[in-house]
Visitor: 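This is the structure I want to talk about, given as structure tokens.
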Amino acid sequence: YTTDEWALILGGSSGFGLAVATKLAAHGMSVCVVHRDRRGAMPRIEAGFDAIRAHGHGFVALNLDALSAEGVSTTIEAVRVAMGPSGRVKALLHSIAFGNLKPIAPAVGTPPAALAVQRLADELGVAVADLEQIVTRLTGEGVDPLQALISPPQTDARLDDEDIARTVFSMGTSLLSWVQRLFGEGLFAADARVFGLTSEGNSVVWRGYAAVATAKVALESVSRAIAVEFGPHGIRSNILQPGVTDTAALRLIPGSAHMAAHARMRNPMGRLTTPEDVANVVCLLCAPEAAWINGALIHIDGGEHVSA
């Protein structure tokens, strides 16, 4: 890739976004990262950005709200100035993780895992709290079969209409807002690539994930529409579905330790997906040879989605 080809990464200070920004920069592309982080997190974040700067291409980092009209306008102007008259946006990655993780209904009864731990603790003559601590520690150390004994935390909070609407826009339909704005400003390259990120929660129910799952399904639908209606303008749009990946966003999901352990057991490769796995695929899909891939949902999980 060339420095006149830019990648615009929405949500690029960690996880998938940072990995993609780093990979594309290593292959010659200039990068603009939009993120929203507190000042206290910046020393860690700047270390990642320094690795991108070290490649010597164009780089812009904007700490602002990519979901606000002001944030979009500021980003558009900054990208236009940084690219100059010959630069264009080759790749747009939507990696915004701003959703609500509340259940939609109260839980009924005691979770089976908690009952199993209680029975086991009684048999062993130890305190339940001590046994739970041991199970959690061992699972974290890779003793994954114990994941069945982990109970997701319970909460009295409930999802409401505003929670859903905000999550669907943030993690779903805002992709279209960005595509329309960049296109309207004439900033896309003649052969541009648009990427969104979904998860297995698009078809499997995880307690507390309803709003995000709704957003992911909306994102997939919007991406297909972009693929068809913007395709004649040279824009390819695809959705990436990584396997379970240890990111800050995953750790916010109730029961994420259980999900990670189950994924490691289920995955044919015996490990979790990494952000770098996803970055590798994005880099491949930006190549001219991938120009005929459009409107697809691409699994990046080592076969996790087809393994029981």
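Below, each value reflects all heavy atoms present in this structure, side chains not excepted, and no hydrogens, waters or symmetry copies. Quick caveat: nothing in here was measured; it's all calculated off a predicted structure.
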Visitor: Does Asp161 have more than 12 heavy atoms from other residues, nucleotides or ligands lying within 6.0 Å of its CG?
Guide: no

Visitor: Applying a strict under-4.5 Å side-chain criterion to I, L, V, M, F, W and Y, I'd like to know whether Ile235 and Leu10 cluster together.
Guide: yes

Visitor: Heavy atoms only: give me the nearest Ala257-Thr139 pair and the separation to one decimal.
Guide: O-CG2, 4.4 Å

Visitor: Shared ILVMFWY cluster between Val217 and Val212, side chains joined below 4.5 angstrom?
Guide: no

Visitor: Can a salt bridge be assigned to the pair Arg119 and Glu123 using a cut-off of 4.0 Å between side-chain N and carboxylate O?
Guide: yes

Visitor: Following the transitive rule for hydrophobic clusters with a side-chain heavy-atom cut-off under 4.5 Å over Ile, Leu, Val, Met, Phe, Trp and Tyr, establish whether Val205 and Ile104 coincide in one cluster.
Guide: no

Visitor: Atom CG of Leu272 and atom CE of Met259: how far apart are they, to the nearest 0.5 Å?
Guide: 10.0 Å

Visitor: Do the non-hydrogen side-chain atoms of Phe188 and Val194 ever get within less than 4.5 Å of each other?
Guide: yes

Visitor: When you measure from the side chain of Arg193 to the backbone of Leu285, do you find a donor-acceptor pair of N or O atoms at a distance under 3.5 Å?
Guide: yes

Visitor: Kindly give the heavy-atom pair with the smallest separation between Phe16 and Ser95, and that separation in Å.
Guide: CB-OG, 4.0 Å

Visitor: Atom CD1 of Ile226 and atom CG of Leu176: how far apart are they, to the nearest 0.5 Å?
Guide: 5.0 Å

Visitor: Within the 4.5 Å heavy-atom criterion, are Asp191 and Arg236 side-chain neighbours or not?
Guide: yes

Visitor: For the atom pair CZ (Arg88) and OG1 (Thr2), what is the distance rounded to the nearest 0.5 Å?
Guide: 12.0 Å

Visitor: Using a 3.5 Å distance criterion without hydrogens, assess whether the side chain of Arg207 forms a donor-acceptor pair with backbone atoms of Ala105.
Guide: yes

Visitor: CH2/Trp6 to CZ/Arg80 distance, rounded to the nearest 0.5 angstrom?
Guide: 13.5 Å

Visitor: Do Leu92 and Leu175 touch side chain to side chain, with heavy atoms closer than 4.5 Å?
Guide: yes

Visitor: Going by heavy atoms in the side chains, are Ser199 and Trp206 under 4.5 Å from each other?
Guide: yes

Visitor: Determine whether Ile45 and Ser14 make a side-chain contact, defined as any pair of heavy atoms from C-beta on separated by less than 4.5 Å.
Guide: no

Visitor: Work out which heavy atom in Ser174 is nearest to a heavy atom in Ile96; give both atom names and the distance.
Guide: OG-CD1, 4.5 Å

Visitor: Starting from the C-alpha separation in whole Å, work towards a yes-or-no answer on side chain to side chain contact (heavy atoms under 4.5 Å, CB included) for Leu182 and Val79.
Guide: CA-CA 10 Å; Leu182 288 167; Val79 168; 5.6 Å; no

Visitor: Within the 4.5 Å heavy-atom criterion, are Val60 and Val81 side-chain neighbours or not?
Guide: no

Visitor: Can you tell me if Arg251 has over 12 outside heavy atoms packed within less than 6.0 Å of its CZ?
Guide: yes

Visitor: Distance-only, no hydrogens or angles: does the Tyr1 side chain make a donor-acceptor pair with backbone N or O of Ala287 under 3.5 Å?
Guide: yes

Visitor: Report, as yes or no, whether the 6.0 Å neighbourhood of atom CG on Leu115 holds more than 12 heavy atoms from other residues, nucleotides or ligands.
Guide: yes

Visitor: Please test Val244 against Glu304 for side chain to side chain contact (heavy atoms under 4.5 Å, CB included), starting from the C-alpha separation and ending with a verdict.
Guide: CA-CA 9 Å; Val244 175; Glu304 187 175 305; 3.6 Å; yes

Visitor: Are the side chain of Asn267 and the backbone of Arg264 linked by a donor-acceptor contact shorter than 3.5 Å?
Guide: no

Visitor: Roughly how far, to the nearest 0.5 Å, is the SG atom of Cys286 from the NE2 atom of His27?
Guide: 10.5 Å

Visitor: Should the heavy atoms of other residues, nucleotides or ligands under 6.0 Å from CD of Glu185 be counted, would the total exceed 12?
Guide: yes

Visitor: Between Gln241 (side chain only) and Leu297 (backbone N and O only), is there a donor and an acceptor less than 3.5 Å apart?
Guide: no

Visitor: Do Val282 and Leu197 belong to the same hydrophobic cluster, where Ile, Leu, Val, Met, Phe, Trp and Tyr are linked whenever their side-chain heavy atoms lie under 4.5 Å apart, directly or via other members?
Guide: yes

Visitor: State whether Arg53 and Glu46 are salt-bridged, where the test is any N-O pair (Lys NZ or Arg NE/NH1/NH2 against Asp/Glu carboxylate O) under 4.0 Å.
Guide: yes

Visitor: Work out which heavy atom in Thr173 is nearest to a heavy atom in Ala218; give both atom names and the distance.
Guide: CG2-CB, 4.4 Å

Visitor: Within a reach of under 6.0 Å around CZ of Arg36, are more than 12 heavy atoms found that belong to other residues, nucleotides or ligands?
Guide: no

Visitor: From Ser307 OG over to Met269 CE, what is the distance, rounded to the nearest 0.5 angstrom?
Guide: 10.5 Å

Visitor: Verify, without hydrogens or angle tests, whether Thr245 (side chain) and Thr247 (backbone) share a donor-acceptor contact under 3.5 angstrom.
Guide: no

Visitor: Considering only heavy atoms from C-beta outward, does the side chain of Asp277 approach that of Pro242 to under 4.5 Å?
Guide: no

Visitor: Out of curiosity, does Leu67 fall in the hydrophobic cluster containing Met171 (side-chain heavy atoms, cut-off under 4.5 Å, transitive links)?
Guide: no

Visitor: Between Thr3 and Ser30 (side chain of the first, backbone of the second, donor and acceptor by atom type, cut-off under 3.5 Å), is there such a pair?
Guide: no

Visitor: So which of Arg38, Arg39, Met42 actually passes side chain to side chain contact (heavy atoms under 4.5 Å, CB included) with Asn63?
Guide: Met42

Visitor: Using only atom types and a distance under 3.5 Å, with no angle test, would you say the side chain of Asn294 pairs donor to acceptor with the backbone of Ala227?
Guide: yes

Visitor: Please verify the inter-ring angle class for Phe49 with His35; under 30° counts as parallel, over 60° as perpendicular, anything in between as tilted.
Guide: perpendicular

Visitor: Answer yes or no: is there an ion pair linking Glu141 with Arg137, defined by an N-O contact shorter than 4.0 Å?
Guide: yes

Visitor: Should Tyr209 and Lys216 be marked as a side chain to side chain contact (heavy atoms under 4.5 Å, CB included) after you check the CA-CA gap, both sets of side-chain angles, and the distance that decides it?
Guide: CA-CA 10 Å; Tyr209 200 73; Lys216 295 300 186 184; 4.2 Å; yes

Visitor: With distance as the sole test, does Ser223 use its side chain to make a donor-acceptor pair with the main-chain N or O of Leu219 at under 3.5 Å?
Guide: no

Visitor: Quick check: closest heavy atoms across Lys102 and Asp163, and the distance to 0.1 Å?
Guide: NZ-OD2, 3.2 Å

Visitor: Closest approach of Leu284 and Ala290, non-hydrogen atoms and distance?
Guide: O-CB, 3.6 Å

Visitor: What do the steps show when you test Leu149 against Leu131 for side chain to side chain contact (heavy atoms under 4.5 Å, CB included), and what is the final call?
Guide: CA-CA 10 Å; Leu149 296 178; Leu131 184 56; over 6 Å; no

Visitor: Are Ser86 and Asp4 linked by a side-chain donor-acceptor pair shorter than 3.5 Å?
Guide: yes

Visitor: Should Leu18 and Pro275 count as side-chain neighbours, where that means a heavy-atom distance under 4.5 Å?
Guide: no

Visitor: Checking side-chain polar atoms at under 3.5 Å, does Asn280 have a donor or acceptor matched by the opposite partner on Glu276?
Guide: no

Visitor: Can a donor-acceptor pair be found, under 3.5 Å and without considering hydrogens, that links the side chain of Trp178 to the backbone of Ala66?
Guide: yes

